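In this text the structure is predicted, and so the values were computed from the model without any measurement.
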Amino acid sequence: MTKTNRTAGIMTTAIHAGDPPDASTNASAPPIHMSSTYLTEDVAGFSAHDLTPDSPYVYSRWANPTVAGLEAKIAALQGTEACLATASGMAAASAIFFTFLSAGDHLIVSDVSYAGVAELARETLPRMGIEVSAVNMSDPASVAGAIRPNTKLIHTETPVNPIGRLTDLAAISKLAREAGALLSCDATFASPLGMDAAALGVDLTMHSITKYIGGHGDAVGGAVAGSAELIAKMRAEAGIHHGGVLSPFNAWLIARGASTLPLRMRAHQKGATAVAKWLEADPRVTKVIYPGLASHPQAELAARQMSNMSGMISFQVGDAATGERIAQQMIERLQVIHYAVSLGHHRSLIFWMGTDGLMETSFKLQDAQLEDYRAYAGDGIFRLSVGLEDADDLIADLDRALG
């Protein structure tokens with residue numbers, strides 16, 4: 001189990017970790033190092049295998065000062081020893097899979113996953129000789145039953161995108177350790193402040209830092225946080241060979257956003273709680289899924305595992321035809337909330353997701369799994385990312401759009 005490296009308060013950590021005063025100018029704000037290459041003082045070979053943690057900067061695909069600062073900040077926020085930043089959340093997921101899985105290995109993955117991860121695990125990994133089992137990660141017995149002698153990695157999401165289902169990380173990490181497998185978790189919905197994934201036994205915690213960590217909808221990136229040993233392996237493999245590196249400018253933007261993450265997550269949770277309670281009381285809404293509500297199917301686990309419920313709400317308004325009709329009304333009537341994909345921005349975002357369309361990007365579920373999926377998603381759901389606007393304005397906007 002990875003030990004936390006957080007030694008200061010969370011706001012102090014968010015502001016100062018990875019952002020020391022500039023050594024050359026004493027500037028308080030960190031500079032952007034846009035150089036692709038650096039002068040060297042030693043004769044050396046042109047191989048990343050020669051790099052050590054103390055190596056000077058040589059080439060920005062290998063390492064960059066601005067990106068390194070962001071990595072230090074995310075590791076401190078997540079409470080891990082190290083972090084690898086990538087060009088996107090999907091690059092982060094791919095970095096995990098392609099670093100720690102080889103032909104003949106077995107992966108267990110959530111039967112409901114972010115669409116890109118589901119498609120990668122369903123279509124690409126088997127083509128490379130990697131065996132994949134998709135299971136309901138909310139049921140530890142199903143995970144235990146899927147473990148094989150060649151299981152090398154268990155990958156989950158919590159809360160899962162887009163249905164808000166939770167994984168008991170402590171229970172699944174115990175199973176992974178007993179099997180000699182790694183446990184990775186996409187914690188994008190929760191953010192680093194939503195739960196202490198490392199303390200719960202997660203080996204590799206990944207984020208689409210496009211979302212809550214960046215927080216402003218203006219930069220794309222990904223990150224994986226974990227032990228120094230595991231991140232070093234990923235840096236040598238994915239960071240050097242896969243090429244999915246984060247640009248210094250995006251790293252600078254995301255680090256600036258991360259400095260206010262604790263303040264923003266408190267505001268996201270406060271706003272989402274108010275909106276979720278209003279939606280639950282509205283007769284036009286047939287179901288609301290939010291970890292902070294007592295009605296969530298795993299409310300006890302949410303209270304035990306999560307320290308911030310974030311701003312992600314899913315809700316239903318009847319059958320698929322009704323959902324599609326309301327979605328069109330939203331496009332025409334919303335004045336504050338943006339009808340757009342993505343999440344975790346300072347602006348509120350909403351998007352309709354029909355179950356049939358979602359099934360196209362998930363695994364081919366068995367009848368029992370499909371029944372569980374529909375228990376959350378029904379015939380389709382609206383995924384609402386509550387931003388930082390006043391809750392009363394968001395409620396008025398939704399009231400107008402629901403008609």
Could you give the distance from [atom1] ([X]) to [atom2] ([Y]), rounded to the nearest 0.5 Å?
X	Y	atom1	atom2	result
Asn136	Asp139	CG	CG	6.0 Å
Ile289	Arg383	CD1	CZ	13.0 Å
Leu182	His155	CG	NE2	12.5 Å
Ile154	Cys185	CD1	SG	12.0 Å
Thr13	Leu261	OG1	CG	11.5 Å
Glu119	Thr124	CD	OG1	9.0 Å

Does either side chain, that of [X] or that of [Y], offer a donor lying less than 3.5 Å from an acceptor on the other one?
X	Y	value
Tyr290	Ser295	no
Asn308	Ser310	no
Arg148	Ser133	yes
Glu157	Ser110	no
Glu332	Gln328	yes

Could you please spell out the steps behind the side-chain contact (heavy atoms from CB on, under 4.5 Å) verdict for Asn161 and Thr188? CA-CA 9 Å; Asn161 185 0; Thr188 298; over 6 Å; no
Determine, step by step, whether Met206 and Thr86 satisfy the side-chain contact (heavy atoms from CB on, under 4.5 Å) criterion, reporting the C-alpha distance in whole Å, the side-chain angles of both residues, the deciding distance to 0.1 Å, and the verdict. CA-CA 10 Å; Met206 65 152 284; Thr86 62; over 6 Å; no
Between [X] (side chain only) and [Y] (backbone N and O only), is there a donor and an acceptor less than 3.5 Å apart?
X	Y	value
Thr80	Ala82	yes
Thr158	Val160	no
Thr260	Gly257	yes
Asn250	Ser247	no
Asp105	Lys152	no
Thr66	Ile32	no
Thr286	Gly318	yes
Thr40	Val58	no
Arg235	Ala63	no
Asp397	Leu334	no

Minimal non-hydrogen separation, [X] against [Y], with atom names:
X	Y	answer
Gly164	His296	O-NE2, 2.9 Å
Leu204	Met234	CD2-SD, 4.0 Å
Met265	Ala190	CE-O, 4.0 Å
Ile172	Pro140	CD1-CA, 3.9 Å
Leu120	Ser94	CD2-OG, 3.7 Å
Ala327	Tyr339	CB-OH, 3.7 Å

Looking at [Y] and [X], is any side-chain nitrogen of the basic one under 4.0 Å from a carboxylate oxygen of the acidic one?
X	Y	answer
Asp203	Arg177	no
Arg304	Glu300	yes
Glu123	Arg127	no
Arg165	Asp111	yes

Do [X] and [Y] have side chains that get closer than 4.5 Å, going by heavy atoms?
X	Y	value
Asp196	Ser307	no
Arg256	Asp19	no
Arg264	Leu388	yes
Val224	Leu230	no
Val341	Leu349	no
Ser60	Val245	no
Met137	Val143	yes
Leu77	Ile213	no

Go through the steps to decide whether Asp390 and Val336 satisfy the test side-chain contact (heavy atoms from CB on, under 4.5 Å), and finish with yes or no. CA-CA 10 Å; Asp390 294 292; Val336 178; over 6 Å; no
Take Phe315 and Glu280 through the test side-chain contact (heavy atoms from CB on, under 4.5 Å) and record every step on the way to the result. CA-CA 9 Å; Phe315 66 92; Glu280 195 167 49; over 6 Å; no
Is the ring pair Tyr59/Trp62 parallel, tilted or perpendicular, if the boundaries are 30 and 60 degrees?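 Perpendicular: the ring planes of Tyr59 and Trp62 meet at over 60°.
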His242 and Phe98 aromatic ring geometry - parallel, tilted or perpendicular at 30°/60° bounds: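 Perpendicular, since the angle between the ring planes exceeds 60°.
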Please evaluate residues Phe382 and Phe351 with respect to the criterion ring-ring contact (aromatic ring centres under 6.0 Å, His included), reporting the C-alpha separation (whole Å), side-chain torsions for both, the decisive distance (0.1 Å), and the verdict. CA-CA 6 Å; Phe382 286 95; Phe351 208 74; 9.3 Å; no
Count the heavy atoms belonging to other residues, nucleotides or ligands that lie under 6.0 Å from NZ of Lys270, then report whether that count exceeds 12.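 Counting other residues, nucleotides and ligands, NZ of Lys270 stays at 12 neighbours or fewer.
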Around Glu229, counting heavy atoms of other residues, nucleotides and ligands shown, do more than 12 lie under 6.0 Å from its CD?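 No, CD of Glu229 has 12 or fewer neighbouring heavy atoms, counting only those of other groups under 6.0 Å.
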Picking from Ile313, Ile381, Leu384, what satisfies side chain to side chain contact (heavy atoms under 4.5 Å, CB included) with Val288?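 The side chain to side chain contact (heavy atoms under 4.5 Å, CB included) with Val288 is passed solely by Ile313 among Ile313, Ile381, Leu384.
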Qualifying ring pair (Phe, Tyr, Trp, His ring centres under 6.0 Å) pairs, either residue in residues 171-219, two or more places apart: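 For residues 171-219, and leaving out neighbouring residues, the ring pair (Phe, Tyr, Trp, His ring centres under 6.0 Å) pairs sorted by first residue read Tyr212-His268, His216-His346.
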